[in-house]
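Structure first, commentary second.
Lettering follows sequence order; numbering is per chain, from 1. The structure displayed is predicted, hence computed values, not measured ones.
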Number of protein chains: 2
Amino acid sequence: MAEYQLYGFGESGNSYKVALMLTLCGCDWELVPVDFFKGETREAAFRASVNPLGEAPVLVHGDVRLRQSGVILDYLAERTGRFGARNEAERREILSWMFFDNHKFTGYYATLRFLRGLQGTENDVTAFLRSRTLSAWHIVEKHLTGQHFMIGDRPTIADLSMCGYVYYTEETGIPPATFPAIRRWADRIAALPGWKPPYDLMPRAMPA
Amino acid sequence: MAEYQLYGFGESGNSYKVALMLTLCGCDWELVPVDFFKGETREAAFRASVNPLGEAPVLVHGDVRLRQSGVILDYLAERTGRFGARNEAERREILSWMFFDNHKFTGYYATLRFLRGLQGTENDVTAFLRSRTLSAWHIVEKHLTGQHFMIGDRPTIADLSMCGYVYYTEETGIPPATFPAIRRWADRIAALPGWKPPYDLMPRAMPA
């Protein structure tokens, strides 16, 4: 058995955040595939034994069981000494961006991409989510104009959190060309040694 | 000048989370009112000098300037020694709930309450937000059935984060009676010495 077990699936950018961190840090990890599209996360067994919130990812490390990608990234940064903060001010800055990511940057975009990109829906709800997503993306675009990563000149777990959904190519109605600083930042992360795209780290759960 | 300056406004439950923490901890603080409904958070001056993300709350403590209620609560717990974690496992559990709060529990509800409760909108978007809110609330309802606070038997910043919007009475189309465990939990927090409801801590910014 590998040192870390990650419950997740290919389409889950939140799972990818963790899979990417484990990979970049050279951790010994294995995927426990979650059959999301058959409703596994909503089943009583999953809620009882894996995550009462019915969400992926979940990381198991010995006796430690963690949910929420932000908490898992923080834990792994501490364990591995990689991509973490160098001082308290930086720790707070990283955490601020991870909250912003969960609330707005990933939050709205992941839901938009699920409804539009995976389910093929286009309606008032996706228009609303796209508008909220664009506001969040414009903030990040501006922030990344003139600096290489979210926290200055080196990658941290704030970047690994925020990049979770940007490598997926399903249609969302948001043209990548609109956000050149975000594209260059995504390329910089993709150039880190060991980087792999989402579906190379976890197979798709959605039936073809 | 007070020790802490809080940029916020009455209708902002995210600001209330911080105002309540400062009040319960007996901190010396003052409100710097943000004229949200006149668009102050979207103005260049606010973004340049207070918060580039155009959000409230922001807490200023000497040279330290913090955004994101979760980060501010974490900072205040450390400074005051109140409502924080007793060990690493508890710290991760608190942080997990605060991420869940920002993403889903407050995340969807605050937007629903803004559109429905403050703007009087009722459409497919509010129906969508209500459905997402209900999923999140059912998880918390179940979690609070049989325990007094989010982390066992004593209040922490996870509770102060999650209760941020539950005392507002604007219409959201979610009947409080549906969630008896959440109501009892809210009453328990309201019984803490020094507790005050949102509009007693910060005046309304919305013109009557």
Side-chain angles (χ1 to χ4, degrees), chain A residues 14 41-42 44 47-48 51-55 58-59 61 63-75 78-79 88-89 91-108 110-111 115 121 123-129 131-132 135-136 138-140 142-143 161, chain B residues 14 41-42 47-48 51-55 58-59 61 63-75 78-79 88-89 91-108 110-112 115 121 123-129 131-132 135-136 138-140 142-143 161:
Chain A
N14 288 316
T41 56
R42 291 190 298 275
R47 293 193 182 231
N51 184 357
L53 280 68
E55 296 175 328
V58 167
L59 186 74
H61 184 222
D63 292 339
V64 176
R65 176 181 300 269
L66 301 169
R67 62 179 191 278
Q68 294 288 342
S69 62
V71 174
I72 299 173
L73 291 175
D74 179 65
Y75 177 82
E78 207 168 277
R79 297 286 310 183
E88 273 305 294
R91 189 183 74 78
R92 291 192 292 265
E93 189 63 18
I94 287 173
L95 194 55
S96 294
W97 283 114
M98 294 209 298
F99 272 115
F100 175 76
D101 181 42
N102 278 264
H103 184 190
K104 295 185 175 174
F105 187 76
T106 279
Y108 291 123
T111 311
L115 295 176
T121 307
N123 55 23
D124 287 352
V125 173
T126 52
F128 167 79
L129 292 169
S131 152
R132 293 277 173 144
S135 296
H138 279 299
I139 285 168
V140 175
K142 190 170 176 189
H143 182 74
S161 180
Chain B
N14 288 316
T41 56
R42 292 190 298 276
R47 294 194 182 229
N51 184 355
L53 280 69
E55 295 176 329
V58 166
L59 186 73
H61 184 220
D63 292 339
V64 176
R65 175 180 301 267
L66 301 169
R67 62 178 192 277
Q68 294 289 342
S69 62
V71 173
I72 299 173
L73 291 174
D74 179 66
Y75 177 81
E78 207 168 278
R79 295 286 309 182
E88 273 304 294
R91 189 183 74 79
R92 291 192 293 265
E93 190 63 16
I94 288 173
L95 194 55
S96 294
W97 283 114
M98 293 208 298
F99 272 117
F100 175 75
D101 181 42
N102 278 264
H103 184 189
K104 295 184 175 173
F105 187 76
T106 280
Y108 291 123
T111 312
L112 168 64
L115 295 177
T121 307
N123 54 24
D124 288 352
V125 173
T126 52
F128 167 79
L129 292 169
S131 152
R132 293 277 172 144
S135 297
H138 280 299
I139 284 167
V140 175
K142 190 170 177 189
H143 182 74
S161 180

Which residues pass the side chain to side chain contact (heavy atoms under 4.5 Å, CB included) test with A:Arg42, not counting sequence neighbours? A:Arg47

Considering only heavy atoms, which portion of B:Leu115 lies under 4.5 Å from any heavy atom of chain A: side chain, backbone, both, or neither? side chain

Would you mind reporting whether B:Val64 and A:Arg92 have side-chain heavy atoms less than 4.5 Å apart? yes

Answer with side chain, backbone, both or neither: which region of B:Val140 has an atom nearer than 4.5 Å to a non-hydrogen atom of chain A? neither

Residue from B:Arg132, B:Lys104, B:His103, B:His143 scoring the most non-hydrogen pairs under 4.5 Å with chain A is B:His103

Euclidean distance, B:Asp74 CG relative to A:Phe99 CZ, rounded to 0.5 Å: 7.5 Å

What option among B:Gly107, B:Gly70, B:Gly54 has the most heavy-atom pairs under 4.5 Å with chain A? B:Gly70

Please classify the contact of B:Leu66 with chain A as side chain, backbone, both or neither, using a heavy-atom distance under 4.5 Å. side chain

Taking all non-hydrogen atoms of both residues into account, name the closest pair between B:Val125 and A:Asp124 and its distance. CG2-O, 3.6 Å

d(B:Phe128 CZ, A:Leu129 CG) to nearest 0.5 Å is 5.0 Å

Contact part of A:Tyr75 toward chain B, heavy-atom cut-off under 4.5 Å: side chain, backbone, both or neither? side chain

Part of B:Thr111 lying under 4.5 Å from any heavy atom of chain A: side chain

Those residues at least two apart in sequence (or on a different chain) that pass side chain to side chain contact (heavy atoms under 4.5 Å, CB included) with B:Ser96 are A:Arg67, A:Gln68, A:Val71

CD1 of A:Ile139 to CG of B:Leu53: how many Å apart, nearest 0.5 Å? 4.5 Å

Answer yes or no: is there an ion pair linking B:Glu78 with A:Arg91, defined by an N-O contact shorter than 4.0 Å? yes

